[in-house]
Amino acid sequence: MTATPRQAHAIVVGLGRGGIDEQRLENFIVSGLIDFDDVSYDVSADVLFDLAGQVVRHLLSYLSRDEAKKVLQFYLREIAKFVHVQMQPHHWEGAAAGYEVKVTKGFVELKSSAYSSWADEPIRDFRWSPADKSNMSRYLFGHFKRCLYSVQKFQSDSERRFAVILDRETARWFKPAKGHFRIYYRLGSEQPEYQPDFVAETDDATWMLEVKMKTEMASPEVLAKKQAAETWCGYASDHAKTCGGKPWRYALIAHDVITENMSLASLVGSATERTPGV
């Protein structure tokens, strides 16, 4: 776990692909296709150039080379996405040899978080439930003792109740921002990023915790996220062993079992938990 978060500011200047000048028209399309996580240039270069060639031949059937080049420069993203969609029925992924995991960094500094709220909305004490629970995401909560951030937002009153337990029973906790852990899960042809609800450190472990509606516990998306997080925790635990760190564990908890007088141990003990490598 990391210490108090630092304020971070960044200015990003981007150059669109419209500025790329490729001599071979197929290169435009191939460069767009290899941006997709499930496309490997090393494995599929011949196929990629064959597909790119088909697109180029189609464009040249009614455009001059300069006109086709301008179309590829300014509409590359849309063209690459269209070709990628056509590739999906023929997609395959082999993992017979497993995956090689390389830890390049033992920790990541907490990211600065920005929250939007009504101008006249005060920071609420997280130990008290608001009268209108249907608009939980509009409220800012604070007055924590062990949270790594001074304010947090909750998507449901179940999350708020769970935060009460974490603030009472853990050494430290927080709600991760996008990009904190870079966990990706497979959902059809997409690989979206998974952002767990909570991370908390106890005396004997670091927990990645997810609170879900009872009706969503067995949904394909929730189970795909769970599998990805468990795999991540397994590798993180293996690394922790090499430097005297605590194991990582994952628990998926149904929202309707959470009450503020419960212990974290009882909640994670009743959760469906299967963490490789721990």
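Residue indices begin at 1 and follow the sequence shown.
The closest donor-acceptor contact from the side chain of R65 to the backbone of L60 lies at 3.5 Å or more, if one exists at all. The backbone N or O of Q227 sits less than 3.5 Å from a side-chain atom of T231, completing a donor-acceptor pair. Checking side-chain atoms of R124 against main-chain N and O of P130 turns up no donor-acceptor pair under 3.5 Å.
With contacts defined as side-chain heavy-atom distances shorter than 4.5 Å, the pair R172/C147 does not qualify. A heavy-atom distance below 4.5 Å is found between the side chains of F82 and Q86. In this structure the side chain of L51 never reaches within 4.5 angstrom of the side chain of V55, judged on heavy atoms. Y149 places none of its side-chain heavy atoms less than 4.5 Å from the side chain of K175. Using a 4.5 Å cut-off on side-chain heavy atoms (C-beta onward), W207 and V199 make no contact. For the pair L140 and K153, the minimum side-chain heavy-atom distance is below 4.5 Å. Counting only heavy atoms from C-beta outward, the side chains of Q152 and W173 approach each other to under 4.5 Å.
A salt bridge does not link E260 to R161: none of the charged side-chain nitrogens sits closer than 4.0 Å to a carboxylate oxygen.
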Trace of the side-chain contact (heavy atoms from CB on, under 4.5 Å) decision for Y139 with R160 = CA-CA 11 Å; Y139 304 125; R160 182 200 61 80; over 6 Å; no
Walk me through it: do T206 and S237 pass the test side-chain contact (heavy atoms from CB on, under 4.5 Å)?
-> CA-CA 9 Å; T206 302; S237 295; over 6 Å; no
Per-pair distances, 0.1 Å, donor-acceptor, side chain in residues 211-219, under 3.5 Å, sequence neighbours excluded:
residue: K212; atom: NZ; partner: E210; partner atom: OE2; Å: 3.4
residue: S219; atom: OG; partner: E216; partner atom: O; Å: 3.1
residue: S219; atom: OG; partner: V222; partner atom: N; Å: 3.2

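Centroid-to-centroid, the aromatic rings of F198 and F162 come within less than 6.0 Å. The aromatic ring centres of W232 and W248 sit less than 6.0 Å apart.
Applying the side chain to side chain contact (heavy atoms under 4.5 Å, CB included) criterion to S150, with sequence neighbours excluded, gives no partner residue. Listed by chain and number, the residues in a ring pair (Phe, Tyr, Trp, His ring centres under 6.0 Å) with F154 are F141 (sequence neighbours excluded). For E169, the side chain to side chain contact (heavy atoms under 4.5 Å, CB included) partners are I165, S263, L264, not counting sequence neighbours. H58 is linked by a ring pair (Phe, Tyr, Trp, His ring centres under 6.0 Å) to Y62, counting only residues two or more places apart in sequence or in another chain. Considering only residues two or more places apart in sequence or on other chains, F126 meets the ring pair (Phe, Tyr, Trp, His ring centres under 6.0 Å) condition with F144.
Atom CG of D203 sits in a sparse spot, with 12 or fewer heavy atoms from other residues, nucleotides or ligands closer than 6.0 Å.
Here CG of L252 is found 7.5 Å from CG of L223. Values are rounded to the nearest 0.5 Å. The OG atom of S158 lies 5.5 Å from the CD1 atom of I258; values are rounded to the nearest 0.5 Å. Here the CE-CD distance, from M208 to E230, works out to 11.0 Å after rounding to the nearest 0.5 Å. Put simply, NZ on K69 and CZ on R24 are 14.5 Å apart, with the number rounded to the nearest 0.5 Å. Distance check: I253 CD1 to E159 CD gives 11.0 Å after rounding to the nearest 0.5 Å. The CG atom of L59 sits 10.5 Å away from atom CD of E67, with the distance rounded to the nearest 0.5 Å.
Side-chain atoms of S64 and D66 form no donor-acceptor pair, as typed in the model, at a separation below 3.5 Å.
Nearest heavy-atom pair, A52 versus V30, reported as atom, atom and distance to 0.1 Å: CB-CG2, 4.0 Å.
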